[in-house]
Each structure stands twice: as structure tokens, then as C-alpha cells.
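Order of appearance sets the numbers: ligands from 1, and atoms from 1 within every ligand.
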Amino acid sequence: MTKKTPSIVRRQSPPGSVSTPVVTPIYPSVAYDSGDPDQLDAQYDGSVAGYTYAREGHPNATIVGQKIDWLEGLAENAGVGTVTGSGMSAVGALFLGLLESGDHVLAGNQLYGRSLRLLTRDLPRMGMSATLTDPTDADAFLRALRPETKLILLEVVSNPTLRIADIERIARGAQEHGVLLAVDNTFTTPRAYRPFDHGANVVIHSLTKMLAGHTDATLGWIAADTQERNRSIYDACVTWGLTASPFDCWLAERGLNTFELRFDRAQDNAVQLADALADMDGVQRVLYPGRSDHPDYERAQRLLGGRFGNMVSFCLKDDRDTANAFFRAAGNIAFAPTLGDVGTTFSHAASSSHRGLSVDERAALGISEGFVRVSVGCEDIELLIREIRDALATVT
Ligand SMILES: *Cc1c(COP(=O)(O)O)cnc(C)c1O
């Protein structure tokens with residue numbers, strides 16, 4: 001590129017340097033100077049690589065996207081995933097990129113709350129339809145397939161009851177019927193489960209959660225198993241404006257550097273916390289897929305290969321006053337509607353993710369007023385157990 005004459009308003013290229021920064025620079029630039037129309041043309045037709053406009057791509061998104069591609073074991077010839085502005089924009093891009101009016105989606109009935117809303121309220125406005133069914137029962141689930149079913153959407157571990165979908169049999173059924181299988185892998189993370197290795201056609205993440213891991217960046221990622229599908233999804237993201245901010249990508253890249261360490265530490269803590277909770281007064285039930293008393297323990301063993309993750313749920317007495325008192329007493333632990341943070345967070349489904357359901361509908365899922373979900377973090381486990389035990393002592 002030709003050297004530019006310095007002036008206040010005219011933009012400069014960064015100074016040349018034979019050395020390179022160890023840390024990725026943040027590239028907030030919305031637009032890129034392509035020099036002349038021939039080069040811009042070549043960039044657009046793909047014969048040379050170069051950024052043009054940040055909604056279409058920027059270095060910080062590329063770098064973060066490549067890390068997730070690698071974590072998910074994406075084959076190099078399949079192309080790459082797209083980083084999106086949130087986990088929900090990745091879910092939106094799935095439908096916008098791959099479906100048409102008239103298509104039907106079959107989905108798990110305990111997906112992330114906003115995904116359920118998108119399926120049941122928004123898809124019908126666009127001429128598509130969705131059926132929600134329990135994916136722990138593969139036979140019943142597959143019976144809900146219709147001739148116009150184009151896509152199955154699953155999460156492996158459900159929120160907040162931590163049930164495990166029978167994804168092996170559903171993946172076989174999807175293949176037999178020529179239906180695409182998409183997996184939202186946010187809860188499990190590629191450290192515990194890699195959906196592309198098990199027949200998924202599309203994988204989605206909310207990077208906001210454990211992958212970025214510090215509750216300071218809202219981002220998503222979506223990738224498919226073929227170049228054509230990745231292209232359709234990418235085009236939907238660029239056209240509908242679902243792509244990601246450079247600063248959030250930069251934060252996520254920084255968080256991702258320690259993802260595996262954080263996962264392993266948080267999971268070790270979760271195993272210990274689940275066992276400790278089971279012995280505490282005032283705890284009626286503990287749900288952790290790595291405990292033999294979990295209803296899907298054997299399936300979890302098989303699918304997750306011993307990596308049961310950092311999410312633990314437990315039940316206090318079924319009333320709101322007990323829940324209020326418990327969360328107040330455990331005030332050192334954030335009561336916040338997220339998961340996957342480096343520190344432990346609590347959430348309460350009845351007042352947040354599942355507040356839209358009736359008491360009976362919640363009861364059918366096993367969610368009472370005393371149901372507590374813990375996203376176990378990386379703090380000292382002795383401290384965490386002590387804080388929870390002390391908080392329980394004030395309500396029992
Ligand atoms: C949080 C979450 C989402 C949505 O992600 P955002 O980044 O908050 O938009 C989607 N799926 C699952 C499983 C989630 O936990």
C-alpha cells in the first residue's frame with residue numbers, strides 16, 4: 001500500500017514493524033481501504049483474501065472463529081464457522097440460513113428459553129412451524145417427524161434439569177429420514193462432546209457462556225458440515241446483520257485461551273459440590289449427570305466420556321420464601337441469569353427461564369420453587385462448599 005501523507009483527518013496505516021504483537025490487536029475499523037476497484041473486485045470474487053466491511057468480517061472475528069472451528073474438530077474442507085453477535089443470533093442464523101417457508105422443525109422441549117420462543121412464536125410468523133418433544137425418548141421424538149420436517153434442533157444436556165438427550169438414536173433417525181441435525185453445544189462445550197463427530201450437520205454455540213467465560217462478551221458461533229451450508233449461513237448473518245463486534249471477539253479470544261483449564265477446574269469442583277450437596281441438610285435432591293442417581297447416568301457416561309461438565313442442580317423445599325432466603329444468605333455467590341462464568345453463579349428457573357410456564361407445567365419438568373441451578377466456577381472448592389452449607393443452615 002502506498003505511504004500516505006500525514007494529516008489530522010486522513011487515516012494512516014499502522015507503522016511497519018519487523019516484530020509482531022504477541023497479543024491480537026483490536027481492529028475496530030468498520031471499513032478497509034482496498035486501493036483500487038480491481039483489487040476490490042478480486043476480494044469480492046474471492047481470488048484474493050481481504051476484509052472490506054466489518055459486518056462481512058474482520059480479523060478479530062476470524063481469529064475467534066478459527067479457535068472454535070478447531071475445538072469442534074471442523075474438517076478443513078468444510079469451510080469455517082461464522083461468529084455472530086450473540087448465541088441467539090446463531091440460533092436465528094440457523095433458521096434464516098437453512099430453512100424456507102413451509103419447512104418444519106422438530107426440537108427438544110427443554111431448549112434454551114429464547115430458542116423455544118423463536119421456534120414457537122417467531123417461526124410461525126415466517127411460514128415455518130415447529131414441534132417440541134422430549135429428546136430423552138428417541139422413539140417418541142422421531143415419531144413426531146413429518147414429511148416437511150427439514151431440521152432437528154437439540155441440546156445434549158437440558159436446562160436446568162440436566163437430562164441427556166438420546167442423541168445417538170436421534171442422529172441415526174435424522175440421517176435415515178434425510179433431515180438435518182443441529183446441536184446447540186453451549187452446555188456441553190466441545191471439551192465434553194463434539195457433535196460433528198456424532199452425525200450433526202450444524203453446531204451452534206453461545207460463546208457468552210463458558211467458552212468466553214468471563215461474562216463480559218455476548219457472542220455466538222455457528223458452523224455446518226458443508227461449504228454450501230456454511231455459505232448460506234454466513235450470507236444470512238451478513239444480510240440480517242447478525243455478525244459480531246471486534247471488541248467482543250477480542251475479549252472472547254482472551255477468554256478462550258484458558259477455556260480448557262477453566263472447564264477442567266470447574267468440572268472437578270462440580271463433582272465435589274454435587275457429592276457434598278447430597279449430604280447437606282435441606283437439600284432434597286441433587287442432579288448431576290456424573291452421579292449414579294441421575295436418571296440418564298448411563299447415557300451421560302457413554303456420550304460425555306466422563307466429562308459431565310460444570311452444571312449442578314438441586315432442590316430445596318418447594319416454596320418461594322425458602323428460595324429467597326437461601327439466595328440472600330448466599331450473597332457472595334452471584335444470583336444471575338447466566339452460566340459458564342469463571343466464578344460460580346446461581347439461577348432460579350421458576351422466576352427466570354421458566355417463569356412463563358404454569359406451576360403444573362414446571363412440575364412436569366421437575367422444576368419447583370426450590371429448584372436451584374448452579375453454574376460451578378473455578379474458585380476454591382472448600383470455600384464454595386462452606387458458603388453453600390452456611391446459606392443452607394439459615395433456611396433449614
Ligand atoms: C445462553 C444460551 C443461548 C443464547 O446465547 P446468548 O449469547 O445469550 O444470546 C443459547 N443456547 C443456550 C444453550 C444458552 O445457554
**Q** At under 4.0 Å between heavy atoms, which part of R114 makes contact with ligand 1: side chain, backbone, both or neither?
**A**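 No part of R114 is near ligand 1 at this cut-off.
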
**Q** What do you reckon, are the aromatic ring centroids of Y27 and Y51 less than 6.0 Å apart?
**A**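 No - the distance between ring centres of Y27 and Y51 does not fall below the 6.0 Å cut-off.
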
**Q** Name the closest protein heavy atom to atom 5 (O) of ligand 1, giving the residue it belongs to and the distance to 0.1 Å.
**A**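 Looking only at protein heavy atoms, the one closest to atom 5 (O) of ligand 1 is S206 OG, 3.0 Å.
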
**Q** Please determine if K209 forms a cation-pi arrangement with F263, meaning its NZ or CZ atom is less than 6.0 Å from the six-membered ring centre and no more than 45° off the ring axis.
**A**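 No, K209 and F263 do not form such a contact.
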
**Q** With a 4.0 Å cut-off on N to O distance, would you call R386 and D390 a salt bridge?
**A**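 No salt bridge links R386 with D390.
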
**Q** Quick one: does M88 get an N or O within less than 3.5 Å of an N or O on ligand 1?
**A**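 Min N/O separation from ligand 1 is below 3.5 Å for M88.
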
**Q** Give a yes or no on whether the ring-centroid distance for Y193 and H198 is below 6.0 angstrom.
**A**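 Yes, ring centres under 6.0 Å apart.
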
**Q** Say whether T218, considering both its backbone and side-chain N or O atoms, lies within less than 3.5 Å of an N or O atom on ligand 1.
**A**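 No, T218 has no N/O under 3.5 Å of an N/O on ligand 1.
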
**Q** When you measure from atom 4 (C) of ligand 1 to every protein heavy atom, which one gives the shortest distance, and what is it?
**A**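 In this structure, atom 4 (C) of ligand 1 has Y112 CE2, 3.4 Å as its nearest protein heavy atom.
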
**Q** Please determine if V91 has a nitrogen or oxygen closer than 3.5 Å to a nitrogen or oxygen of ligand 1.
**A**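 So ligand 1 has no N or O lying under 3.5 Å from an N or O of V91.
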
**Q** Is a side-chain N or O of D36 found less than 3.5 angstrom from the main chain of Q39, in a donor-acceptor match?
**A**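 Yes, the answer is positive, given that a donor and an acceptor are paired below the 3.5 Å cut-off.
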
**Q** Can you tell me which residue and heavy atom of the protein come closest to atom 14 (C) of ligand 1, and the distance to 0.1 Å?
**A**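 Closest protein heavy atom to atom 14 (C) of ligand 1: K209 NZ, 3.0 Å.
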
**Q** Strictly under 6.0 Å, is that where the ring centroids of H348 and F327 end up?
**A**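 Yes - the distance between ring centres of H348 and F327 falls below the 6.0 Å cut-off.
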
**Q** Considering non-hydrogen atoms of the protein only, which is the closest contact for atom 6 (P) of ligand 1, and what is the distance?
**A**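 Ranking protein heavy atoms by distance from atom 6 (P) of ligand 1, first comes G87 N, 3.3 Å.
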
**Q** Ignoring angles and geometry beyond distance, decide whether T208 reaches within less than 3.5 Å of ligand 1 through its nitrogen or oxygen atoms.
**A**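 N/O-N/O distance under 3.5 Å: yes.
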
**Q** With respect to atom 11 (N) of ligand 1, which of T186, L207, D184 exhibits the smallest heavy-atom separation?
**A**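 Considering heavy atoms of T186, L207, D184, the nearest to atom 11 (N) of ligand 1 sits in D184.
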
**Q** Which atoms of ligand 1 sit under 4.0 Å from any heavy atom of E155?
**A**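 The atoms of ligand 1 under 4.0 Å from a heavy atom of E155 are 13 (C).
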
**Q** Out of M311, R307, Q272, which one pairs with Q267 under the side chain to side chain contact (heavy atoms under 4.5 Å, CB included) rule?
**A**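 Output: one option passes, namely R307.
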
**Q** Tell me whether D281 is salt-bridged to R389, with the criterion being a basic N under 4.0 Å from an acidic carboxylate O.
**A**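 Looking at R389 together with D281, the answer is no, because their closest N to O distance does not fall below 4.0 Å.
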
